[in-house]
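Scroll down for the structure; my scribbles are underneath it.
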Amino acid sequence: MPARNPDEVDMLFQGALNSGNVDGIMELYEPDASFVAQDGQVATGHDAIRATVKAFIDMNPQIDLKVEKTVPAGDDLAVCYGVWTLSASGQQMTGKSIEVVRRQPDGSWLFAIDDPWGRGT
């Protein structure tokens with residue numbers, strides 16, 4: 001099911017990550033999207049993002065993700081600010097995310113830029 005509004009992109013991400021669905025996660029990114037990894041490296045494009053996401057999936061994570069604020073820019077672009085807690089391999093991490101999402105021609109929304117660590121590089 002595609003995201004029908006900007007906030008739903010994060011909710012679909014949460015569901016896909018918690019179920020270990022890499023393909024489901026990748027369906028939430030534009031083909032040329034960028035993802036900022038924990039070390040600040042930027043993965044651009046599906047192949048690079050898939051490799052980064054796969055590392056998370058391999059830890060069997062569970063994430064609780066909440067969108068705190070969405071700022072639209074016109075009808076087709078928005079910035080989402082979120083907070084999350086991730087449990088994996090007996091460890092827990094928390095963070096604040098910043099994502100740019102864009103409406104697609106079919107009306108669905110996808111990540112254009114995803115920074116789960118809430119800071120630029």
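- Here the closest non-hydrogen pair linking Met11 and Leu65 is CE-O, 3.2 Å.
- The list of ring-ring contact (aromatic ring centres under 6.0 Å, His included) pairs with a residue in residues 60-116, not counting sequence neighbours, reads Tyr29-Phe111, Trp84-Trp117.
- For the residue pair Ile49 and Ala33, the shortest heavy atom distance occurs at CD1-O, 3.5 Å.
- From Glu8, atom CD reaches atom CG of Leu28 across 11.0 Å, with rounding to the nearest 0.5 Å.
- Counting only heavy atoms from C-beta outward, the side chains of Val100 and Leu77 approach each other to under 4.5 Å.
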Exercise. Apply the test side-chain hydrogen bond (donor to acceptor under 3.5 Å, both in side chains) to residues Glu99 and Ser97: give CA-CA distance (whole Å), side-chain angles for both, the deciding distance (0.1 Å), then the verdict.
Key: CA-CA 7 Å; Glu99 298 118 5; Ser97 61; 3.1 Å; yes

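- The hydrophobic cluster containing Val79 does not contain Val83, counting ILVMFWY residues as joined when their side-chain heavy atoms lie under 4.5 angstrom apart, directly or transitively.
- If you check the side chains of Asp106 and Ser108, you find a donor sitting under 3.5 Å from an acceptor.
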Self-check item: CA sep, side-chain torsions, deciding dist, call: Val36, Asp114, side chain to side chain contact (heavy atoms under 4.5 Å, CB included)
Solution: CA-CA 6 Å; Val36 182; Asp114 184 2; over 6 Å; no

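- Nearest approach of Asp75 to Arg103, heavy atoms of both residues: O-NH2, 2.7 Å.
- Nearest heavy atom pair, residue Gly20 against residue Ile57, reads CA-CD1, 3.7 Å.
- Comment: Lys66 does not engage Asp10 in a salt bridge, judged by the lack of any side-chain N to carboxylate O separation of less than 4.0 angstrom.
- Atom CD in Gln104 sits 4.0 Å away from atom CG in Leu110 (nearest 0.5 Å).
- Between Lys96 atom NZ and Glu68 atom CD the span is 5.5 Å, to the nearest 0.5 Å.
- Counting only heavy atoms from C-beta outward, the side chains of Asn18 and Ile63 approach each other to under 4.5 Å.
- The two residues Gly24 and Asn21 have their closest heavy-atom pair at N-OD1, 2.7 Å.
- Looking at Gln91 and Met93, their side chains never come closer than 4.5 Å, going by heavy atoms from C-beta outward.
- In Arg102, the CZ atom is not crowded: 12 or fewer heavy atoms of neighbouring residues, nucleotides or ligands sit closer than 6.0 Å.
- Side chains of Glu27 and Leu12 form no contact here, defined as non-hydrogen atoms less than 4.5 Å apart.
- With a 4.5 Å cut-off on side-chain heavy atoms, Leu17 and Leu86 count as touching.
- The OG atom of Ser34 sits 12.5 Å away from atom CD of Gln41, with the distance rounded to the nearest 0.5 Å.
- Residue Met26 holds its CE atom at 4.5 Å from NE2 of His46, rounded to the nearest 0.5 Å.
- Side-chain contact of Thr94 with Thr85: a donor-acceptor pair under 3.5 Å is absent, judged by distance alone.
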Quiz prompt | Intermediate values then yes/no, side chain to side chain contact (heavy atoms under 4.5 Å, CB included), Asp7 and Cys80 | solution = CA-CA 7 Å; Asp7 294 358; Cys80 298; 4.2 Å; yes

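- The CD1 atom of Ile25 sits 11.0 Å away from the CD atom of Gln14 when rounded to the nearest 0.5 Å.
- Scanning both residues, Ala43 and Thr52, for their nearest heavy atoms gives CB-OG1, 3.8 Å.
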